[in-house]
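Residue numbers begin at 1 in each chain, while the letters A, B, ... track the order of the sequences.
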Amino acid sequence: MQEKELIRECLNGSRSAQQHLYNKYAEMMLGTCYRYTKSLADAEDILQDGFIKVFTRLHQFKGNGELGAWIRRIMVNTAITYIQKHNRYKREMQVDDVAVHPVSDENPEIHMDTKELVELIRALPVSYQVVFNLVGVEGFSHVEVAKMLNMNENTLRSQYNRARMMLINKLKKNSNALENQAYAGRI
Amino acid sequence: MQEEFENTVRERMHTFGIQPSHEVWGEIEAVLNKKKHRRVFVGWWILLGLVVLGGGVLYYQKDSISREGLNQHPIIIADTASNTHIAKNLAPAATEIGVASPPNNKTISPNDDRQAQQHQTTVGDDAVAGRNNLTAKKVNPASASKTAFFAKMRMPTIITSGAGADKITTGTNTPVEPLTQAVAATTNKQTPTVNNEVALAKVPTQAAQTSNDTSGGNAVAIIDSAVAQQPAPKTFTPTAVETKPAIAPQKKHAWYVTLSAGTTRTVSFGQFNGTPPGNTLLGANLAYANVPAVTALNFFKYDITAPGTGFNIAFGALYERELSARWKISGGLSFNYLSNTQRVGSSFKSALSVAAGNLYNITTPQITLDSYYQPGRDALLVNKAWQAQLPVNVGYVFNPKAKTKFLLNGGLSVAWLFNSQWLIPDTRYGKLYYSDAVFNNTTFNWQVGPAIQLPNQWKFGLQYQQSFGTVAKNYITPKLYWQHISIYTAIPLGGKKRH
């Protein structure tokens, strides 16, 4: 079934079409949700809420861009709402307005598989995790993210640079450990 | 450059996925099913709310009319047997205590009914006619000043007795003293049965002090409560000088007749891929282009054109009540006539045509067609419908102290369409048809608009109204919504500020 037809059927309330759409995008979207949370259960909660929004707001999809990107945007928004709503995330999201910009231009190579990289991002403190996902992965501008998180723009920049540095340090540590492991193996 | 790192991460992340557990879809499906039911329930709840509101308004109105009635009738006499006893017994009592004398300066015997009646007849013979029924009699309020006097004294309704009663109005500003002790002392043997709503008061007058007229002097008044028809207890309670139960000040309320007229159209908002824009509905033939039989039948291209803008006229009744100086709530009933036009092509009404119409791939089981029209530009059909509507509005007054008020009204309404003949454009099959099965007879609407209220309470306003639901069932595309823009006038019928 073509995507346009699939959307039309979903809008007509066809449950099988909705399931088809879900099956097509659920895996990728759970990956997105997973990056924003600390547990798979939370990610599945977000996925569920997000798909309900998708089906109830599908008529708002104008067809200008890709449906996948539109659904991803809904998932990201749902994830942010979830984080701002639940205390275990909300507490850690409260950051001081420190507008210091530790800037790093390092671009280390990534010698690990995607799953490990995702786990490294998830290991960041919640505020860094969210900010890095929004700016670094989703590609939102600082201004957009500052609005989304109701944050000062300078604070956001500072948060992002810290998150980036922390992730790079973790990557370095990880690659050093790998090198040591390889060296030890040669002995 | 920072971007290199980000790009690498981004590429990796966009290929990352995790297979969700099977429960997730189950829960999504459950929520979607529940939402569908909830939509139906919300409709019923709104309807129930409107019915309750309407009932409440009617009940209140009925109640306020009865209260108003009590307020407006100055004097009500409970024409009971017990009052007759009072009439009989007061004259001697008054004589004994030397405060009231009959006009002819003749002592009245307690047993003399006729003479007792003569003293009672200041308010009408019937009042003391000795009837045993409990019919309330309205006194001709010829002596309005009497009423005003007792109103000042916080005496709700009064039966005057004795010849000195007329003097009460001239005696004016002297205070009313309970005559309980004296009357009890002189009449307790003679008043075996009185209404406990009845009490006695002595009204000393200036006339008594200044005039030698024996018919003047103090008058005796019998104060009765407004509710004279309550069952009478068997014993007399002399201490009860009862005042009218205070009715709390009521807010302003009013009934209006409303008349309105304006434009009506059915409008589609937005579109999605592959379908023609709802506002123009052009290119609808694409929807059936895949059916070879249809393509063969059509020798030229048909388009469904947008429904034209029509008109609405309405009349109704509206009840409005003040919640505060700035806020008002109103509800009512109105009947609207709606009409617009739709360009159509050739029509198919015969059984053969309908059978041919099946080739047009109409597979939706809910649609039953009596006739349908080819889309096109050949003719103009007129759609028409009647609508009964129950609106509930909340109004905000911007300048409550001004004589001419400016308001903003907004609210919800439920409407039933009946006797309607409305073409349903269906771009899925490129058709226009009448179908009761697909047409939505009940719609919920929201409305908003400014209004001006003149010092004479007439209102003039502008109202924008749009339906929440679609003209046809939800699965029909395009989704057309009702949209009305009207100007209206509300003509006040009655209602007042009561304190």
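Aromatic ring orientation, B/Phe5 versus A/Phe132: tilted (interplanar angle from 30° to 60°).
Most heavy-atom pairs under 4.5 Å with chain B, from the set A/Leu171, A/Val137, A/Asn133: that is A/Val137. Each of B/Glu11, B/His14, B/Gln19 has some count of heavy-atom pairs under 4.5 Å with chain A, and the biggest count is that of B/His14.
Salt bridge present: A/Glu138 and A/Arg35 bring a charged side-chain N and a carboxylate O closer than 4.0 Å.
Within the cation-pi definition used here (under 6.0 Å to the ring centroid, within 45° of the axis), A/Arg122 qualifies as a partner of A/Tyr34.
Both the backbone and the side chain of A/Gln18 come within less than 4.5 Å of a heavy atom in chain B.
A centroid separation of 6.0 Å or more is found between the aromatic rings of A/Trp70 and A/Tyr25.
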